[in-house]
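What you see is a predicted model, and the numbers here were worked out from it, not measured in a lab.
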Amino acid sequence: MARDLGRCQRWGANGSVKAAIRRTGTGIWDRFAASDPGLLRLMAGLRTVGAIVLALVVLALLGTSVTLMVAGAMVAMVATFAVREKEVRGQAATLALGLPVALAAVSLGVLLHNQVIAGDLVFIALIFGAAYARRFGDRGTALGLIGFQIYFISLFVHATVPTLPELFVTLTIAFACSAVIRFAVVPDTPERTLSRLREAFRARLAQLVATHRELVDAGPEEMDGVLDDLRRHTARLHETALMIQGRLEEGTRDATTAALLQRRIADAEIAAERLGMTLLNARSAERTDTLTLHLPHAPVPAGANRMHSEGDSVATLRRDLDALGLLVARRAPEDRGTALAHVRNRLLGYRDEDNLPRGSGAVQDAFRALGEAARAVLGLRLALDGPQDESDDTSATSRSREEFDAEDLAIVGAEEDEEDGRTGLRRPTTRAAFQVAVGSALAIVGGEFLSTQRWYWAVLTCWVVFLNTASTGEILVKGYRRLVGTVLGVVAGVALAGLVGNHTWTAFALVLLCVFGMFFTAPLSYALMSFFVTAMLGLLYTLLNTYSVATLVLRIEETALGAACGIIAAVLVLPVHTDRRTDELLGTVLERLQEAVSAAVAQLSGGQAVDLLTLARDLDTALNDLRGSAQPLVHPITPLRVRRQTARYLVAMLETCAYHARSLAATAELLPSSRSVAADPRLERAGRRIARNIDLIAARVQDQPVDGEVEGGASIASLLEADGSPVPASHTVTFRVLRHLQRLDEGVVGIARALDVPVAGRTGRKHG
């Protein structure tokens, strides 16, 4: 008996340890999945390293020389990372077309090796073609990149005519290895990518809910850190939602399923952001400005934590935030049980006023937001996992399911994207092709003065700084980051080359680590990617027996020269100044904001139903483009401090306005199915004022004459009281709509003041 009891205790202890280890492992994986949405960076790194390893193994078994092994490894890398199409069939077609392009490019490189002028002209033509081919989508981009990079590889390994047959075999093997890894070992299908992105969204949502829990009890000295975490996790959740939006069409079986998932993702994102705002409001003595969530280093809400005086209601809030985190973390549809059903039902019950705990109005708002967040989590799970057991449903849960069913019936497929109407030299790809061709010509001439053997590094840098850039400022920042990464990479390359010595396979292993680091860090930091590239080059030079410290120092010089040539070309040849580029994108954002708000208010006023969530996502996409274009203006190296602060403030204000526009769109989408949301014709007046204000700002941004002033001052609620009817009670959905409209109106007026657009009754700039 005693032995049995002891054995049971040991089993119980072991089980507890295993459960703790499993929870720790799950937590670590969740954090990793949240940091790399969809595991896109991990898969890219593994796929590229796998292709290189397989190519090296095959070439080694064939007794290939080290020089050809280096060439094969580089070709396998290019063949893998150049192909970016989402559909498997498209990837296969591009890879098949890429092989003859690569064979032609290496043939040109070999045959023109000793023809300096002809070789340089062909190189410039290849660069122009690679940049111009981007207008033909992912396939054109891939084929242009393959042609340019393979020509570069032939220069790097000093390929000659006698080695051409072996090079052909090496390239064919490298492309075959890339295909094997891509389609058999580490497959990249739209469905799998979308599935991983959904898991990343769940992980990031769980992180945000955990931060909400920390926010409740954070003291004054902890508030800065918690608020930074809240901003970061909110922004990361939005980033993942945008990534999912970009994968929906290829990763789902039909347009209706894509639209359904889009709506559920949007609901969850909006509900989570609103929960954070209500918790901030519940903490502070005064209502928190929505800008707090979007402006870096915004002031922390003043005053002590007001929730400390709420007593039992705050204890209940803590418990229910933990419960919401449990619902979000629930991974699989078979993860059921009466405890989870009880938690879900309790949280959904907060959507009914009678079930709210006693407390201040701000704390009750937080409970309402909890109920809406639980509803969003339920909708997300229904969209991802299908119907579930309804035996434990309460009336509140059944009502939520009925609302989802009604919404699903009204969903229609997404519309086709509009094409860019610009032609000729106004087309971005055509302009970039001329710019990079001129910059590369300058880099060739300057590079020859520095080194007749390594001049192509300047050309490569000039080419790279033009990739994914659209203005002079972006090119300047990218060139600066590449130079910083190169300098640090040279230091690492010297150290690694000294450690490796003559150990060939050790050098190859370190090269693989550098390749993985290069692809894993590329979306995060261009400087880090450049660091890994340069460190890898030091190892490759060691393998080719051409390593020296002077060679790596020359790499810095050629990099600086190439970046300078790129900047000169961007300034002198068909320039697109950063201010002009950001003004164009700002105009697009304002146009999308006006469309989304006007359509949402029209529907909330009883007008015709339209696809509001698509309009909201169009706004998010335009804002994301503006955020990237404004990076040169907010970068620490920007000397104009006032302009940097203004740009940061404007982007934050637009993010705040976009949040309220998304919330209005999500609320308006509920009209056909919800019992708590009803159309109110009085809202039309508020919508007209906001739309007119946005139009005035857009006209100013586009240098058009501004006829009139931006109207501010009177609250949105006062506009509704003009006809003598009362303002809705604070707990109603209509009041929430008014609050979003009020914050949106204030945000638009703030944007007007920052841009010096005339505001009625005000002069000067509020923020500089």
Side-chain angles (χ1 to χ4, degrees), residues 41-82 102 106 149-150 152-159 163 166-182 184-186 454 457 460 485-486 488-522 528-549 551-552 555:
R41 290 184 286 122
L42 176 65
M43 292 296 107
L46 291 178
R47 196 174 296 116
T48 307
V49 169
I52 294 173
V53 169
L54 185 58
L56 288 175
V57 169
V58 174
L59 292 172
L61 292 176
L62 294 176
T64 308
S65 66
V66 172
T67 300
L68 288 177
M69 289 177 66
V70 169
M74 295 179 73
V75 171
M77 180 176 68
V78 172
T80 304
F81 79 75
V106 78
Q149 291 282 4
I150 299 302
F152 166 80
I153 290 171
S154 72
L155 298 176
F156 181 78
V157 299
H158 301 290
T163 62
E166 291 180 290
L167 268 175
F168 279 4
V169 174
T170 300
L171 263 65
T172 303
I173 290 173
F175 269 77
C177 291
S178 176
V180 169
I181 296 298
R182 176 180 293 276
V185 181
V186 190
R454 312 291 182 193
W457 288 124
L460 183 65
T486 299
L488 297 176
V490 164
V491 176
V494 170
L496 290 175
L499 289 174
V500 168
N502 296 321
H503 298 85
T504 300
W505 289 106
T506 303
F508 271 124
L510 290 174
V511 165
L512 293 176
L513 287 177
C514 289
V515 169
F516 181 82
M518 178 172 60
F519 284 93
F520 191 76
T521 59
L528 265 179
M529 188 199 77
S530 300
F531 165 82
F532 283 113
V533 169
T534 306
M536 177 188 70
L537 287 175
L539 293 167
L540 291 178
Y541 281 133
T542 302
L543 290 169
L544 295 172
N545 295 317
T546 56
Y547 167 78
S548 69
V549 175
T551 300
L552 291 181
R555 160 82 171 159

Determine the sole option in V533, V49, V53 for which the side chain to side chain contact (heavy atoms under 4.5 Å, CB included) test with V515 is passed. V49
Roughly how far, to the nearest 0.5 Å, is CE of M536 from CG of L510? 12.5 Å
Just checking, is any N or O donor in the side chain of S178 or T80 under 3.5 Å from an acceptor N or O on the other one? yes
Taken to the nearest 0.5 Å, the spacing of L171 CG from L68 CG works out to 10.0 Å
Atom pair CG/CE of L62 and M69 - distance to nearest 0.5 Å: 10.0 Å
Note: L167 and A71 closest approach over all heavy atoms is CD2-CB, 4.3 Å
Please report the shortest heavy-atom distance between L496 and A535, naming the atom on each side. CD1-CB, 4.3 Å
When you look at T170 and V75, which way does the side-chain contact (heavy atoms from CB on, under 4.5 Å) test go after all the steps? CA-CA 9 Å; T170 300; V75 171; 5.9 Å; no
Identify the heavy atoms of A51 and C177 that sit nearest to each other, and give their distance. O-CB, 4.0 Å
Enter the distance from I150:CD1 to L155:CG here, rounded to the nearest 0.5 Å. 11.5 Å
When rounded to the nearest 0.5 angstrom, what is the spacing between CE in M529 and OG1 in T534? 9.0 Å
Mind telling me whether F152 and W457 have parallel, tilted or perpendicular rings, with 30° and 60° as the class edges? perpendicular
Separation between CG (L512) and CE (M77), nearest 0.5 Å, reads 11.0 Å
Student check: side-chain heavy atoms of R454 and T551 closer than 4.5 Å: yes
May I ask you to decide if the ring planes of F81 and F519 are parallel, tilted or perpendicular, using 30° and 60° as cut-offs? tilted
Applying ring-ring contact (aromatic ring centres under 6.0 Å, His included), name anything that partners F508, two or more places apart in sequence or on another chain. W505
Specify the closest pair of heavy atoms between A507 and L539, including all atoms of both residues, with the distance to one decimal. O-CD1, 4.2 Å
Is it the case that the side chain of T521 and the backbone of G517 share a donor-acceptor pair, with hydrogens and angles ignored and the cut-off at 3.5 Å? yes
For a side-chain contact (heavy atoms from CB on, under 4.5 Å) check, start with the C-alpha distance between M74 and V511, then their side-chain angles and the critical distance, and finish with the verdict. CA-CA 11 Å; M74 295 179 73; V511 165; over 6 Å; no
Set of ring-ring contact (aromatic ring centres under 6.0 Å, His included) partners for F516, sequence neighbours left out: F520
Would the number of heavy atoms belonging to other residues, nucleotides or ligands and lying under 6.0 Å from NE2 of H158 be above 12? yes
On a heavy-atom basis, the closest approach of A79 and R182 is O-NH2, 4.3 Å
What are the two closest heavy atoms between L552 and G538, and how far apart are they? CD2-CA, 4.0 Å
